[in-house]
Amino acid sequence: EATGRKWEQKQVQIKTLEGEFSVTMWASDDKK
Amino acid sequence: VPMGLFWGDIAEGVRVEVLNSDTNLSTKVYWIAEIVRLAGFKALLRYEGFDNDSSHDFWCNLGVKEIHPVGWCASNGKPLVPPKSIQHKCSNWKAFLVKRLTGVKTLPHDFSKRVQESTQYPFTKLMRVEVVDKTHLCRTRVALVEQVIGGRLRLVYEESQDGSDDFWCHMYSPLIHSIGWSRSIGHRFKRSEVSKKIEGLIDAPSQLFLKVKDVDQSGDWFKDGMKLEAIDPLNLSAICVATVRKVLADGYLMIGIDGSEAADGSDWFCYHSTSPSIFPVGFCEINNIELTPPRGYNKPPFKWFDYLRETCSIAAPVKLFNKEVPNHGFREGMKLEAVDLMEPRLVCVATITRIVHRLLRIHFDGWEDEYDQWVDCESPDLYPVGWCQVTGYQLQPPAAQSTRE
């Protein structure tokens, strides 16, 4: 809170030798 | 410290993309790892797929190594390849990763940029500052910034012919000020007699320096002769009987350590009234700290009541001191990298051995306890483990028994 950042759900792309896919992860970001 | 403002985003369980060192491939490949432990700037990482097997865990400094949020490899065309030791363990890495990563945390997308930005400092070479004269603590001199490492400044006194007369301190040290500060508050100042002019000199802007709290000196205030307890600036291991010698403007005070003052006051030292290094009479007794009596005091044990009577003096009122105690989170036994303030170019491996409110007793590993130093919890001279590696500053390892001398 004090840093002006908040946790948000993000669709994260992952690309392995088996192909590309996405997972939902949490990452912090600047507050808008 | 670098990354301090967004360190809350980093915790055990967070996943990152990091170089995969367990591979026979000739090109750089990456894999996803979990932070299983944090120690200062250092993280113990475990590649995904090792489950509870800690045999391949590795430490990595989050401010130095290539550490990326999950998703970085896909965005930057870098290959994610499982470590060869576990490649055979899973026939469907995609399903495995979806299961392992869904709903867990990763780093912010701008992590590397933020690390980079947090290691930039506003001081630059050839900036002029006023700094305490290390040979006469009662006065300041002009010095030039010669080097900036991790926010620590190597200052060279302006009159130094060969540049060797230097002083190290952090840019937020209470020992440095903008040009004109001494005159503005009535502090002693040694004018430089510089023969040659150096091109490119600028006075460091005042907004770059540590701000002190405004204080109201109009009512009850410190007065010359009032007694108090103060960390001895020449022996930071000791809290001593001390006297207010001169009240300056803007809340600053010249303090003398009783029994060891030079007749001309050349070892008086300037502390701000809000400084965490000065305490009301009785502080040491209440907190079970050994108070250093005036040198030559011939009526031990030292008793404040008797001493005030004998010296016809009064104690500075308790209400004038800084009583704020931040929720700092330091605990006894914690390791850190700490500046030896008696030799402030050295950053050493150290341990917190005692905590008294906001005051920390710093022990330098491998050295006798007599070299311990009292340091405030918000001191800019204390750093997390790994700080030297992040900034490129040389870390002094614990002293070996044989090299103590």
Side-chain angles (χ1 to χ4, degrees), chain A, chain B residues 3-11 13-17 20 23 25 29-32 34 48-49 68-84 87 90-111 113-114 117-118 326-327:
Chain A
E1 189 71 24
T3 62
R5 295 170 74 81
K6 64 178 177 182
W7 289 96
E8 282 178 344
Q9 281 199 318
K10 304 244 174 190
Q11 286 295 310
V12 174
Q13 288 299 115
I14 296 177
K15 191 178 174 185
T16 67
L17 299 175
E18 294 166 358
E20 194 162 351
F21 54 96
S22 70
V23 291
T24 309
M25 298 186 77
W26 290 94
S28 73
D29 209 343
D30 287 320
K31 274 184 183 169
K32 299 288 181 288
Chain B
M3 302 183 270
L5 285 176
F6 56 99
W7 196 254
D9 299 345
I10 297 162
V14 165
R15 304 305 203 279
V16 298
E17 288 181 351
N20 174 3
T23 174
L25 299 169
V29 295
Y30 296 78
W31 190 237
I32 295 163
E34 176 181 358
E48 281 299 345
H68 306 283
V70 175
W72 179 85
C73 282
S75 313
N76 290 276
K78 306 288 182 188
L80 271 181
V81 178
K84 69 175 183 340
Q87 213 151 16
C90 186
S91 56
N92 187 345
W93 283 105
K94 176 180 167 183
F96 173 83
L97 289 177
V98 169
K99 194 173 168 198
R100 287 285 298 171
L101 302 179
T102 299
V104 304
K105 289 177 176 175
T106 188
L107 298 175
H109 71 280
D110 55 354
F111 181 73
K113 186 172 142 239
R114 285 179 166 265
E117 282 172 358
S118 68
N327 182 20

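Labels below follow one simple rule: chain letters A, B, ... track the order of the sequence lines, proteins then strands, and each chain is numbered from 1.
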Q. For B/Ala74 and A/Glu20, which heavy atoms make the closest approach, and how far apart are they?
A. CB-OE2, 4.3 Å
Q: May I ask you to test the A/Ile14-B/Leu101 pair for a side-chain heavy-atom distance under 4.5 Å?
A: yes
Q.
For A/Gln13, which atoms come within 4.5 Å of any heavy atom of chain B: side chain, backbone, both, or neither?
A. both
Q. Can you find a heavy atom in the side chain of A/Met25 that is under 4.5 Å from one in the side chain of B/Arg15?
A. yes
Q.
Side chains of A/Thr16 and B/Leu97, heavy atoms from C-beta outward: is any pair under 4.5 Å?
A. yes
Q: With rounding to the nearest 0.5 Å, note down the distance linking NZ in A/Lys15 to NZ in B/Lys78.
A: 12.0 Å
Q | Nearest atoms (heavy-atom pairs only) where B/Pro108 meets A/Ser28 | A | CB-O, 3.3 Å
(Q) Please rank B/Val98, B/Val104, B/Val14, B/Thr102 by heavy-atom pairs under 4.5 Å with chain A and give me the top one. (A) B/Val104
Q | Residue pair B/Asp9 / A/Trp7: nearest heavy atoms and the distance that separates them | A | O-CH2, 3.5 Å
Q.
Nearest 0.5 Å, please: how far is SG in B/Cys90 from CD in A/Glu18?
A. 7.0 Å
Q. How many angstroms lie between CH2 in A/Trp26 and NZ in B/Lys105, if you round to the nearest 0.5 Å?
A. 9.0 Å
Q) Given a strict heavy-atom distance threshold of 4.5 Å, which part of B/Leu107 is in contact with chain A: side chain, backbone, both, or neither? A) backbone
